[in-house]
Q: 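Could you have a look at this structure, given as structure tokens, before my questions?
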Amino acid sequence: MIIEVSDLHKSFGKNEVLAGIDCSVDESEVVCVIGPSGSGKSTLLRCLNLLEEITSGEVVIDGSSLTDRRIRIDDVRAEIGMVFQQFNLFPHKTVIENIMLAPMKVRDLNRESARARGKALLEKVGLAEKENAYPGSLSGGQQQRVAIARALAMEPKIMLFDEPTSSLDPELVGEVLAVMKDLAQEGMTMVVVTHEMGFAREVGDRVLFLDGGVLVEQGPPEKIFDDPQEERTRAFLNKVL
Ligand code: ADP
Ligand code: MG
């Protein structure tokens, strides 16, 4: 297990947003997280790389417990790439500069190696010709692919995606999902919060249904989508499918 979450609680003030989550993710597994808005999906992802402080419980990433004071948070974080709904690219830097930045700063990669790695990643996401473009001149789908390349430049062991296609025009969703599918097929460990049920069904090894801060049900996609056991899962799927 590369991710192990035990009895994870997260509260904001009196508002308990995660009410005891137990789940784990295997190496090379693709886990899709679905559930209604406000159910705690983003908070769960953010707890996995300590963008949120854990209220109680435990998260173990690749053998390191995030609540252990002896671990170096930045080391753990460097193993985890994150892609958000908003692309968060630096607007005044070119595409390649956006990708080169973190490896040079955090991994001490020299400029030439960082550039070579960046070019290879742009090739991989189908944007080799956009190396010197500025983010503002790209479509949303292209910007999100750059954001994925940027996360990959750190050579993470795990990639977390929080609704990566939710802000895209419908015709641009496919190109981003295709890049994610390639990544999954190469064996990347991925946790993907998504409303793209087709993607979850096709690419996901396992689907987690969250509602009200509780992991209501989990299982292989065909089980969750075609034969859900819980009434809450059925009600949600009836609305979105
Ligand atoms: P989802 O991603 O499933 O839509 P979130 O994890 O974003 O849900 O949010 C779950 C709940 O936690 C919501 O009620 C939200 O208002 C609350 N919440 C999330 N982040 C914060 C925060 N930083 N401060 C206070 N409340 C928050
Ligand atoms: Mg969210």
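Order of appearance sets the numbers: ligands from 1, and atoms from 1 within every ligand.
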Q: Side chains of Arg234 and Glu217: does their closest heavy-atom pair fall under 4.5 Å?
A: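 With C-beta onward as the side chain, the pair stays apart.
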Q: Atom CD of residue position Glu123 - does it have more than 12 heavy atoms of other residues, nucleotides or ligands inside 6.0 Å?
A: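 Result for CD/Glu123: open.
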Q: Quick one: nearest non-hydrogen protein atom to atom 9 (O) of ligand 1, plus distance?
A: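 Heavy-atom neighbour on the protein nearest atom 9 (O) of ligand 1: Thr43 OG1, 3.9 Å.
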Q: Kindly confirm whether the Mg ion (ligand 2) is within less than 2.8 Å of some N/O/S atom in Ser42?
A: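 A backbone or side-chain N, O or S atom of Ser42 is under 2.8 Å from the Mg ion (ligand 2).
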Q: Which is closest to atom 2 (O) of ligand 1 in terms of heavy atoms, Ser39, Ser42, Gly212?
A: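 Considering heavy atoms of Ser39, Ser42, Gly212, the nearest to atom 2 (O) of ligand 1 sits in Ser42.
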Q: Within 4.0 Å of atom 6 (O) of ligand 1 (strictly less), any protein heavy atom?
A: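 At least one protein heavy atom is under 4.0 Å away.
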Q: Write out the residue and atom name of the closest protein heavy atom to atom 23 (N) of ligand 1, then the distance separating them to 0.1 Å.
A: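 The answer is Phe12 CE2, 3.5 Å.
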Q: Do any non-hydrogen protein atoms sit less than 4.0 Å from atom 15 (C) of ligand 1?
A: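 Given the 4.0 Å limit, the answer for atom 15 (C) of ligand 1 is no, no protein heavy atom qualifies.
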Q: Hey, does the side chain of Asn88 reach the backbone of Gln86 with a donor-acceptor pair shorter than 3.5 angstrom?
A: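 Side chain of Asn88 to backbone of Gln86: a pair is present.
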Q: Does the side chain to side chain donor-acceptor pair (under 3.5 Å) test come out yes or no for Gln85 and Ser166, once each step is laid out?
A: CA-CA 6 Å; Gln85 186 174 331; Ser166 290; 4.5 Å; no
Q: Should one rank Gly38, Gly40, Gly213, Pro36 by closest heavy-atom distance to atom 4 (O) of ligand 1, which comes out on top?
A: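 It is Gly38 whose heavy atom sits nearest to atom 4 (O) of ligand 1.
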Q: Are Leu89 and Val125 co-members of a hydrophobic cluster defined by side-chain heavy atoms under 4.5 Å apart?
A: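 Same cluster: Val125 reaches Leu89 through Ile, Leu, Val, Met, Phe, Trp or Tyr contacts under 4.5 Å.
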Q: Under 3.5 Å, N or O to N or O, is Val17 touching ligand 1 that way?
A: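 It does not: no N or O of Val17 is found under 3.5 Å from an N or O of ligand 1.
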Q: Check whether Ile158 and Met180 end up in the same hydrophobic cluster, where Ile, Leu, Val, Met, Phe, Trp and Tyr are linked by side-chain heavy atoms less than 4.5 Å apart.
A: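 As far as the 4.5 Å side-chain criterion goes, Met180 and Ile158 are not connected within one cluster.
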Q: In plain terms, say whether Lys181 and Glu202 are close enough for a salt bridge, that is, a side-chain N and a carboxylate O under 4.0 Å apart.
A: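 Yes, charged N to carboxylate O under 4.0 Å.
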Q: Return the residue, atom name and 0.1 Å-rounded distance of the protein heavy atom closest to atom 3 (O) of ligand 1.
A: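 It is Lys41 NZ, 2.8 Å.
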